[in-house]
Amino acid sequence: MTLTITPAAATDATAPATTATTVTAGGRPSMSASGPENRTSRVARPQPVDVSPREFPTNRGGLCQKGWTSAAVLRAADRLTVPLVRGASGALEPTDWDTALDVVAIRLAAVQAESGPEAVAVFGGGGLTNEKAYTLGKFARAVLRTPFIDYNGRFCMASAAAAANRALGADRGLPFPLADLGGAAAVLLLGSNVAETMPPSVQHLAGARAAGGLVVVDPRRSATARLTEDGQGVHLQPVPGTDLAVLLGLLHVVLAEGLADAAYLAARTTGLDAVARSVAAWWPERVEIVTGVPEGELRRVARLLAAASPARGGRGAYVLTGRGVEQSTQGTATVTAAVNLALALGLVGTVGSGYGALTGQGNGQGGREHGQKSDQLPGYRKIDDPASREHVAAVWGVDPATIPGPGVPAVALLASLGTPGGPRALLVHGSNLLVSAPSADKVRERLAALDLLVVCDVVPSETALVADVVLPVTQWAEEEGTMTSLEGRVIRRRKAVDAPGEARSELWVWAEVARRLGSPVHLATDPADVFDELARASAGGPADYAGLSHARLDADEAAGGPGFHWPVPAADHPGTPRHFLDRFETPDGRARMIPVDHVGPSDDLRPDAPLWLITGRVLQHYQSGAQTHRVPELERLVPRPYVELHPLLGTRLGVPDGARVRLTTARGTTTAAARWTDTIRPDTVFLPFHWSGEGSANLLTTDAVDPVSAMPEFKVCAVQVAPVVEEAA
Ligand SMILES: Nc1nc2c(c(=O)[nH]1)N[C@H]1C(S)=C(S)[C@@H](COP(=O)(O)OP(=O)(O)OC[C@H]3O[C@@H](n4cnc5c(=O)[nH]c(N)nc54)[C@H](O)[C@@H]3O)O[C@H]1N2
Ligand SMILES: Nc1nc2c(c(=O)[nH]1)N[C@H]1C(S)=C(S)[C@@H](COP(=O)(O)OP(=O)(O)OC[C@H]3O[C@@H](n4cnc5c(=O)[nH]c(N)nc54)[C@H](O)[C@@H]3O)O[C@H]1N2
Ligand SMILES: [Mo]
């Protein structure tokens, strides 16, 4: 089957740039990272398959390579089209839905009868629509009555979320429209490679670049760092894992040189004194010793940001963080330091300036608002708050006492699977854990120890292939629903094509399992109905969707309206494009400045692991590769795992460009082809994480987690790099 994705013209000049897939819903570019899951598309039938970019005011026709080829994922040769159940022979065998769902329900019921409701765990994904994310949380708590649900957003957005909640009282990736960046004279980008991970957003950096004010902090001279060349800004190239010290040093300079916005600090924040004391000892010369960033560069960046700040008559400044600084055992502390810096300069909750985190997955924002998190109820409510429990229980029609308490975050949940007293069954919806979770070998062991693993997916991912039951489900262009952009804008996703074979929506799957389990809880299966329920459940919470419905979103879009950013508390409320302008969502309305200190990565350099390993992404592949490895054009462009290393290091190690190298950490070993580049620090190697098997980055990564957010330290660990000695023929 083929389809043509024909987006309607965008009329919203302030709409954010979009990603790969900003083939949009009715001209409302969907903003989030690039990636196959982030598509809102309007598709005309009959259907030759094609994704064509067009001229949007915000993305100027920009579409990264994954966007061009995204439709290919839907027709992957091995697309799952029938349910599979592992048979007596040990192989996954095709079967019909009734049989597969009976197997799931009977085995779940047996596990729960023997070991209690907590013996079943659920793992979700940030690529699910809001409707699915909401229903999955309800299914876990109200139908299965298990506290054990968490999701891959724990790997993605948890540290930024924890820091924003703590400091500002709410976590909306960008509390302002992305297009606002365009007006700023300075943008500080920490650990984010938007030129490869969110290409259409690069245009919004043009204003800062023209003013010489783009500052990129990355141990690699990434495609994004190169945007600072020719006087367009500054690239700071610190030792991996030392960004927190860079930020403490920047705030030190701002305070020491009297560059802070004293009036703003007095009116809108608390906690300055303790923070000022905590950065007092981070003078630039000391920062240089710890981070390698020259003290002169540090001062220059602090002054550049201050000069752009509104208090000093500048055009505006933004501080933005990405996974490079967040996926760390001090990720929450680092984001906290970034927020402290932005607060000191008077940027947050100020038109034309701000702090934000650049969201990852297709529905990275909405996916973290409606109950997939282990401690959360819909509307970004806390599951241990009695009033929240009561509110949500009323919407679900259950007794508040029956809603379980908080579960445990992803890494701890995975580590507990199949252990004595731990969950014995796991349902996975939208994550390829075996490739994307840290310390992947351990995860494989834990999955193997389960009595029942059920994976819903669109393709036979590495994780699906080890499951007992695999259920074929629908995704982006095959279903109705909503996604929420990193700016908190709720965007409709529309069904464009029929799913192949017997693939069904997960909404239907959960309702069917609930029915078979004899649950009295009603699970809606029509996405518009689910949304209405989600809206009621979120009412009064931080992420308040109460005033929205599919009908309202559709009508606004048809009228070329600007869309709605949450909170939208009532049907006549226009939404909140710029959050925090009057007050923060804290009890006293003020932002909290919280002192933090630099400790360094959990895994230190040592004689048998003397180099830093950092991991991340490339333009052509998406995440675990479950989807992009199935797109031949992308596979041709980047066919194999590779590791970037500096020629100086390559020479020293005896690893020529193109040679095979073995990387070894305390967790495991992988091999990859050496790619020489002088864009990386000579003490650091970079391995993209898009592959499974012997080139898999997560065989190497540590599962140490941030103490506040429980986000694993994907970005930095200590590694040994050695040439692979080929056997003589
Ligand atoms: N092409 C493509 N686009 C994607 C995705 C994809 O897989 N492929 N995934 C999407 C998702 S889910 C996400 S979360 C986003 C992620 O988007 P980004 O955060 O931009 O992506 P990463 O490549 O993981 O990390 C960004 C940068 O962090 C740097 N880094 C590593 N260690 C450190 C460090 O210690 N300090 C600093 N300052 N930087 C460091 C890396 O060199 C890298 O350039 O991308 C989204 N878009
Ligand atoms: N070393 C290292 N590891 C990392 C990272 C890193 O930077 N370095 N980044 C981390 C980050 S930020 C992220 S977000 C994770 C992502 O890693 P994963 O969670 O593995 O994400 P994907 O590879 O996108 O896998 C999503 C799976 O869901 C399927 N899918 C798509 N749509 C649907 C749907 O609607 N329903 C269901 N049931 N399935 C669907 C896809 O086919 C795919 O198999 O990886 C993390 N792992
Ligand atoms: Mo992510």
Side-chain angles (χ1 to χ4, degrees), residues 19-20 32-38 64-66 73 80 123-129 132 151-157 189-199 216-220 222-225 236-243 246 321-328 334 358-362 364 428-438 440 455-464 471 473-476 478-479 505-506 509 601 612 614-628 630 644 680 684 686-690 696-698 700-701 712 714-716:
T19 69
S32 202
S34 57
E37 287 155 12
N38 181 36
C64 82
Q65 291 172 48
K66 292 191 313 307
V73 173
L80 293 170
F123 202 90
L128 303 180
T129 57
K132 293 203 281 190
Y151 80 124
N152 70 5
R154 187 68 66 177
F155 302 157
C156 184
M157 297 307 301
L189 265 180
L190 296 136
S192 162
N193 185 14
V194 283
E196 293 198 68
T197 57
M198 227 165 72
V216 176
V217 185
D218 197 309
R220 299 187 303 142
S222 62
T224 308
L236 304 181
Q237 202 166 3
V239 175
T242 64
D243 303 270
V246 171
T321 58
R323 300 311 82 75
V325 299
E326 296 162 10
Q327 290 171 328
S328 152
T334 305
L358 296 160
T359 303
Q361 303 176 81
V428 178
H429 299 272
S431 179
N432 188 7
L433 286 170
L434 273 187
V435 182
S436 57
V455 174
C456 282
D457 208 308
V458 294
V459 290
S461 70
E462 285 79 357
T463 311
L471 302 176
V473 294
T474 52
Q475 61 147 5
W476 61 281
E478 299 164 348
E479 61 187 8
S505 164
E506 276 152 306
V509 171
W612 292 117
I614 59 176
T615 68
R617 297 163 163 78
V618 299
L619 174 66
Q620 295 82 0
H621 283 295
Y622 190 68
Q623 317 275 58
S624 71
Q627 309 208 17
T628 48
R630 291 178 161 80
E644 288 184 7
I680 191 163
T684 303
F686 172 75
L687 183 66
F689 83 103
H690 306 296
S696 171
N698 283 324
L700 302 175
T701 48
F714 282 122
K715 276 294 178 277
V716 186

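What you see is a predicted model; the values in this text were computed from it and never measured. Heavy-atom basis, side chains included; hydrogens, waters and symmetry copies ignored. Each ligand, and each atom within it, is numbered from 1 in the order the structure gives.
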Check each heavy atom of [X] against ligand 1 and say whether those closer than 4.0 Å belong to the side chain, the backbone, both or neither.
X	value
Gln623	both
Thr197	both
Val716	side chain

Considering only heavy atoms of [X], which atoms of ligand 1 have at least one such atom less than 4.0 Å away?
X	answer
Ile614	31 (C), 32 (N), 42 (O)
Asp243	34 (C), 35 (O), 36 (N), 37 (C), 38 (N)
Leu619	1 (N)
Val325	38 (N)
Pro240	35 (O)
Gly241	34 (C), 35 (O)
His621	1 (N), 2 (C), 6 (C), 7 (O), 8 (N)
Gly191	19 (O), 26 (C), 27 (C), 28 (O), 37 (C), 38 (N), 39 (N)

Examine [X] against ligand 1 and note whether any of their N/O atoms are separated by less than 3.5 Å.
X	value
Asp218	yes
Val217	yes
Asn193	yes
Pro238	no
Arg323	yes

Using atom types as modelled and distance alone, determine if a side-chain donor or acceptor of [X] lies under 3.5 Å from a backbone N or O of [Y].
X	Y	result
Thr615	Phe689	no
Thr242	Val239	yes
Glu326	Met157	no

Heavy atoms only: give me the nearest [X]-[Y] pair and the separation to one decimal.
X	Y	value
Tyr622	His690	C-ND1, 3.8 Å
Ile680	Thr684	CD1-O, 3.4 Å
Asp243	Pro238	OD1-CG, 4.0 Å
Leu190	Val217	CD2-CG2, 3.6 Å
Ser431	Gly124	CB-O, 4.0 Å
Ser505	Thr474	CA-OG1, 3.4 Å

request  = For the pair Arg323 and Thr197, evaluate side-chain contact (heavy atoms from CB on, under 4.5 Å) and give the outcome as yes or no after the intermediate values.
outcome  = CA-CA 11 Å; Arg323 300 311 82 75; Thr197 57; over 6 Å; no
Which atoms from ligand 2 have a heavy atom of [X] less than 4.0 Å away?
X	value
Thr474	35 (O)
Cys156	12 (S), 14 (S)
Ser624	20 (O), 22 (P), 23 (O), 25 (O)
Phe155	10 (C), 11 (C), 12 (S), 46 (C)
Val458	42 (O)
Gln327	5 (C), 6 (C), 7 (O), 9 (N), 10 (C), 11 (C), 12 (S)
Val459	42 (O)
Cys456	37 (C), 38 (N), 39 (N)

Contact between [X] and [Y] at the side-chain level, heavy atoms closer than 4.5 Å - yes or no?
X	Y	value
Gln623	Asn152	no
Thr701	Pro712	no
Arg630	Pro460	yes
Lys132	His429	no
Pro199	Leu619	yes
Thr224	Asp218	no
Cys156	Gln361	yes
Glu506	Leu128	yes

ask   = Measuring from the heavy atoms of Met157, does anything fall under 4.0 Å of ligand 1?
value =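 No, Met157 has no heavy atoms under 4.0 Å from ligand 1.
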ask   = Can a non-hydrogen atom of Leu358 be found less than 4.0 Å from any atom of ligand 1?
value =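 No, that is not the case, since the closest heavy atom of the residue is not under 4.0 Å from the ligand.
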Heavy-atom distance to [atom]: which of [options] wins?
atom	options	value
atom 15 (C) of ligand 1	Pro688, Gly360, Gly616	Gly360
atom 29 (C) of ligand 2	Leu687, Leu80, Asn152, Asp457	Asp457
atom 9 (N) of ligand 1	Glu644, Arg617, His690, Gln627	Arg617
atom 25 (O) of ligand 1	Arg220, Lys715, Gln361, Met198	Lys715
atom 36 (N) of ligand 2	Glu506, His429, Gln475, Arg154	Glu506
atom 28 (O) of ligand 2	Pro460, Gly430, Ser505, Gly153	Gly430

Per-residue contact class, [X] against ligand 2 - non-hydrogen pairs under 4.0 Å:
X	value
Leu128	side chain
Ser461	side chain
Ala626	side chain
Asn698	side chain

query = Please walk me through it: do Glu196 and Val618 pass side-chain contact (heavy atoms from CB on, under 4.5 Å)?
reply = CA-CA 6 Å; Glu196 293 198 68; Val618 299; 4.2 Å; yes
task = Could you please spell out the steps behind the side-chain contact (heavy atoms from CB on, under 4.5 Å) verdict for Thr628 and Gln620?
result = CA-CA 8 Å; Thr628 48; Gln620 295 82 0; over 6 Å; no
ask   = Is the closest heavy atom of Val473 to ligand 2 under 4.0 Å?
value =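 Yes, that is the case, since the closest heavy atom of the residue is under 4.0 Å from the ligand.
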ask   = Could a heavy atom of Val455 be found less than 4.0 Å from some atom of ligand 2?
value = no
